[in-house]
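These notes concern the structure reproduced below.
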Amino acid sequence: MIFQYDELKECVQEDFERFYNMGYDEKQIFPAVLNEYAHGENYSPAENMCIHVFLVLNYREKGFITEPIVSKIKRLFSEESYDKIPFELGAESEKYITDLGFILDSE
C-alpha cells in the first residue's frame, strides 16, 4: 500500500464526499471511488479491502444501503490473498480489524 491506513481512510472519505456532492447516487459512488484507486501503482488486496471497509463506513454515515458492499467484503475473504491483509498493514492492522469488526458485527 502506498498510503498509511489513516491517510487512505481520509482520501476515500474525500473521494466519497466529492462524488456525493457531484450528485452521484449510492449505486454510482462505490464503483467511482474504487476506480480512483484500482488502476494505481502498487494497488494491493489490502488497499482494495480497506477501500471497501471505508466505503461501508461512509455509506452508513449517509444512511445508504451497505449490504452490496458488505457482501463483496465477505466474498473477498474467501480469496486466498485476503488473509494476509493484517500482515501487510503491520502496526495499523488493529485499526483495520476494529473497522472491519464494526461492519461485520452490525450486519
Side-chain angles (χ1 to χ4, degrees):
M1 270 180 34
I2 295 173
F3 296 102
Q4 295 296 314
Y5 188 82
D6 288 332
E7 292 173 324
L8 181 58
K9 191 174 193 176
E10 185 177 313
C11 289
V12 169
Q13 182 172 0
E14 289 171 1
D15 290 333
F16 174 89
E17 290 294 333
R18 180 169 46 93
F19 287 116
Y20 177 78
N21 291 331
M22 290 172 57
Y24 283 53
D25 66 29
E26 61 192 283
K27 290 181 181 179
Q28 296 169 316
I29 293 173
F30 173 70
V33 171
L34 196 58
N35 190 52
E36 290 289 302
Y37 299 91
H39 303 292
E41 186 176 325
N42 298 324
Y43 185 70
S44 69
E47 192 169 22
N48 183 49
M49 181 63 86
C50 290
I51 291 167
H52 281 70
V53 168
F54 301 149
L55 283 169
V56 170
L57 296 174
N58 284 288
Y59 270 49
R60 283 195 176 155
E61 190 174 295
K62 293 290 187 198
F64 290 170
I65 297 169
T66 60
E67 195 278 323
I69 304 172
V70 172
S71 291
K72 187 164 182 195
I73 288 171
K74 290 176 181 177
R75 280 194 312 271
L76 290 173
F77 272 123
S78 67
E79 295 180 13
E80 207 173 293
S81 59
Y82 284 90
D83 62 347
K84 297 175 184 140
I85 292 172
F87 177 76
E88 187 174 335
L89 292 174
E92 295 188 307
S93 67
E94 287 182 34
K95 295 174 188 176
Y96 162 76
I97 291 167
T98 299
D99 286 343
L100 183 62
F102 174 73
I103 289 167
L104 297 177
D105 289 343
S106 61
E107 281 299 309

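Within the structure, every pair that satisfies the salt bridge (Lys or Arg N to Asp or Glu O under 4.0 Å) test and touches residues 95-104, not counting sequence neighbours, is listed here: D6-K95, K9-D99.
Between E47 and I51 the shortest side-chain heavy-atom distance falls below 4.5 Å. Under the 4.5 Å side-chain criterion, counting only non-hydrogen atoms from C-beta, L34 is in contact with N48.
Atoms SG and OH, from C50 and Y5 in turn, are 5.0 Å apart once rounded to the nearest 0.5 Å. Rounded to the nearest 0.5 angstrom, M49 CE and S44 OG are separated by 11.0 Å. The distance from atom CG of L57 to atom NE2 of H52, rounded to the nearest 0.5 Å, is 13.0 Å.
Taking S71 as the reference, E67 meet the side-chain hydrogen bond (donor to acceptor under 3.5 Å, both in side chains) condition, with sequence neighbours excluded. Annotation: salt bridge (Lys or Arg N to Asp or Glu O under 4.0 Å) contacts of K72 (sequence neighbours excluded): none. Shown here are the side chain to side chain contact (heavy atoms under 4.5 Å, CB included) partners of K62, two or more places apart in sequence or in another chain: F16, E17, Y20, F64. The ring-ring contact (aromatic ring centres under 6.0 Å, His included) search around F19 returns Y24, not counting sequence neighbours. Residues satisfying the side-chain hydrogen bond (donor to acceptor under 3.5 Å, both in side chains) criterion with D15, sequence neighbours excluded, are R18, Y37. Scanning for side-chain hydrogen bond (donor to acceptor under 3.5 Å, both in side chains) contacts around N35 gives H39, with sequence neighbours left out.
Judged purely by atom type and a 3.5 angstrom limit, R60 uses its side chain to pair as donor or acceptor with the backbone of I103. Distance alone, capped at 3.5 Å, is enough to place a donor-acceptor pair between the T98 side chain and the E94 backbone.
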Scan the side chains in residues 26-33 for donor-acceptor partners under 3.5 Å anywhere in the protein, sequence neighbours excluded, and list what turns up.
residue	atom	partner	partner atom	Å
E26	OE1	I65	N	2.8
Q28	OE1	D25	N	2.9

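P86 and S93 make their closest contact through O-CB, 3.4 Å (heavy atoms, listed as atom of the first residue, atom of the second, distance).
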**Report entry** From CA spacing to verdict: ring pair (Phe, Tyr, Trp, His ring centres under 6.0 Å), Y59, F54
**Finding:** CA-CA 9 Å; Y59 270 49; F54 301 149; over 10 Å; no
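By the rule that hydrophobic residues join a cluster once side-chain heavy atoms approach within less than 4.5 Å of another member, M22 and L55 end up as members of one cluster.
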